[in-house]
2 protein chains.
Amino acid sequence: MYSGGVSTSERLIESTRALLWERGYVGTSPKAILERAGAGQGSMYHHFKGKPDLALAAIRRTAEEMVATTTAVLDGPGTPYERIEAYLLREREVLRGCPVGRLTMDPEVVADDALRAPVDETLDRLRARLAEVVEEGKEQGELAPGLDSAEIAATVVATVQGGYVLARASGSPAAFDAGVRGLLALLAPRHR
Amino acid sequence: MYSGGVSTSERLIESTRALLWERGYVGTSPKAILERAGAGQGSMYHHFKGKPDLALAAIRRTAEEMVATTTAVLDGPGTPYERIEAYLLREREVLRGCPVGRLTMDPEVVADDALRAPVDETLDRLRARLAEVVEEGKEQGELAPGLDSAEIAATVVATVQGGYVLARASGSPAAFDAGVRGLLALLAPRHR
DNA sequence: GTCTATAGCAGGATAGAC
DNA sequence: GTCTATCCTGCTATAGAC
């Protein structure tokens with residue numbers, strides 16, 4: 001029996017995802033979620049145990065989505081350098097920040113192992129995959145052999161996450177782009 | 001007439017600074033500030049117009065402090081590369097994050113130009129000073145001449161800001177350190 | 001200057017009708 | 001499954017005594 005639309009529980013999760021991205025966990029109230037989802041109190045507490053439970057469902061989905069997106073780029077075509085470049089230059093809504101990374105600035109997310117786990121796992125998998133690509137680049141002679149793959153992977157992810165900070169501080173994506181271009185210049189084969 | 005201690009307004013500002021660092025603007029309540037400062041409601045509203053006004057005073061002081069600290073390192077002794085290295089390796093309470101950068105993830109700070117201004121200015125001055133140091137390094141032949149100083153400066157600041165994200169996600173400073181070491185390897189004269 | 005009292009509203013959750 | 005009513009607590013601010 002198909003309802004012809006999206007289920008209430010689905011709307012609750014999507015509304016929570018949007019609000020967590022925009023306002024973080026501390027800044028997101030059940031009331032705001034319900035208003036955005038067009039649902040009443042009862043629906044939320046029927047489908048979820050409470051705010052943390054609903055937030056966990058939302059965070060898990062956002063994390064999965066990010067893993068899928070980044071994997072697609074890093075497993076895509078091109079040389080190792082080109083795939084790292086594609087990851088760094090991929091379309092982003094820079095001023096909105098990273099829906100996963102921003103959660104690390106939320107005290108209640110960091111304090112709750114269950115909420116932090118999907119965030120940690122997502123960034124960790126991204127780093128691990130990037131390290132593999134860097135390793136490939138070294139083997140193929142495209143990247144400098146002296147580089148530590150795990151370190152470079154951390155640098156790449158950090159530059160992106162920090163780029164969001166610079167962009168949001170200045171109110172413009174320019175600083176994000178500058179940081180990315182600087183990193184690409186440092187990685188670029190032609191500069192070795 | 002010296003009170004022999006610290007003024008109430010002073011304690012309010014310092015308490016607010018600590019809470020903004022720990023919990024952000026949205027997550028910090030006047031009540032929590034007053035408890036930490038050991039003051040009553042009246043004191044706060046006597047010295048400040050309200051939460052935003054007190055937060056502005058606290059953010060301005062934190063911003064000034066960060067400018068002073070980073071300037072001291074970047075104006076210090078050593079070659080340009082060594083000064084950038086000193087900035088990147090300087091002692092940090094990594095898991096607490098950056099007291100200035102973390103504010104960019106706060107929706108109410110970003111939405112309020114007065115609150116965002118000191119954050120923007122601080123990170124912008126840091127980038128500008130780093131760009132000058134990079135420029136020096138290029139002139140002295142210590143850094144690759146093809147690099148764009150402003151871009152590299154953005155990359156350096158972004159790596160630090162993003163390093164905090166990685167560290168807080170994993171609950172360990174290791175990822176911050178890895179990102180910094182990766183960046184230093186990419187910048188290092190010996191790798192050109 | 002600092003305190004307590006109070007106000008009005010929002011946060012987070014529960015109860016029970018439909 | 002979904003709704004509204006209700007509860008208790010905390011947030012932000014104001015009033016007015018000391």
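First the proteins, then the strands, lettered A, B, ... as listed; each starts at 1. All values derive from a computational prediction rather than experimental measurement.
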How long is the line joining NZ of B:Lys49 and C1' of D:dA13, in whole Å? 15 Å
Between D:dT4, D:dT2, D:dT12, which nucleotide gets closest to the side-chain atoms of B:Pro30? D:dT12
Report yes if the side chains of A:Leu183 and B:Leu186 come closer than 4.5 Å at any heavy-atom pair, otherwise no. yes
Quick one: which of C:dT2, D:dC11, D:dA13 gets closest to the side chain of B:Pro52? D:dA13
Between A:Thr70 and A:Arg90, is any pair of side-chain heavy atoms under 4.5 Å apart? yes
How many whole angstroms separate atom CD1 of A:Ile33 from atom P of C:dA13? 10 Å
Considering only NZ, NE, NH1 and NH2 on the basic side and carboxylate oxygens on the acidic side, decide whether B:Arg61 and B:Glu14 come within less than 4.0 Å. yes
Take atom CG of A:Leu54 and atom P of C:dA13, then tell me their distance rounded to the nearest Å. 10 Å
A:Met44 CE - C:dG11 P separation (whole Å): 12 Å
With the side chain of A:His46 defined as its heavy atoms from C-beta on, choose the nearest nucleotide among D:dC11, D:dT2, D:dA13. D:dT2
Nucleotide of D:dC11, D:dA13, C:dG1 approaching B:His47 most closely (side-chain heavy atoms): C:dG1
Rounded to the Å, how far apart are A:Gln41 CD and D:dA5 P? 12 Å
Which whole-number value in Å describes the distance from B:Leu34 CG to C:dT2 P? 12 Å
Roughly, in whole Å, what's the span from OH in B:Tyr45 to P in C:dG1? 19 Å
Taking atom types as modelled, is there a side-chain donor on A:Arg92 or A:Tyr164 under 3.5 Å from an acceptor on the other? yes
Between CG of B:Leu19 and P of D:dC11 the distance, given in whole Å, is 11 Å
Of the listed nucleotides (D:dT2, D:dA13, C:dG11), which one gets closest to any side-chain atom of A:Lys31? C:dG11
Side-chain contact, heavy-atom cut-off 4.5 Å: B:Thr104 with B:Val109? no
Applying a 4.0 Å non-hydrogen cut-off, can you work out what B:Thr28 is touching in the nucleic acid: base, sugar-phosphate, or nothing? sugar-phosphate
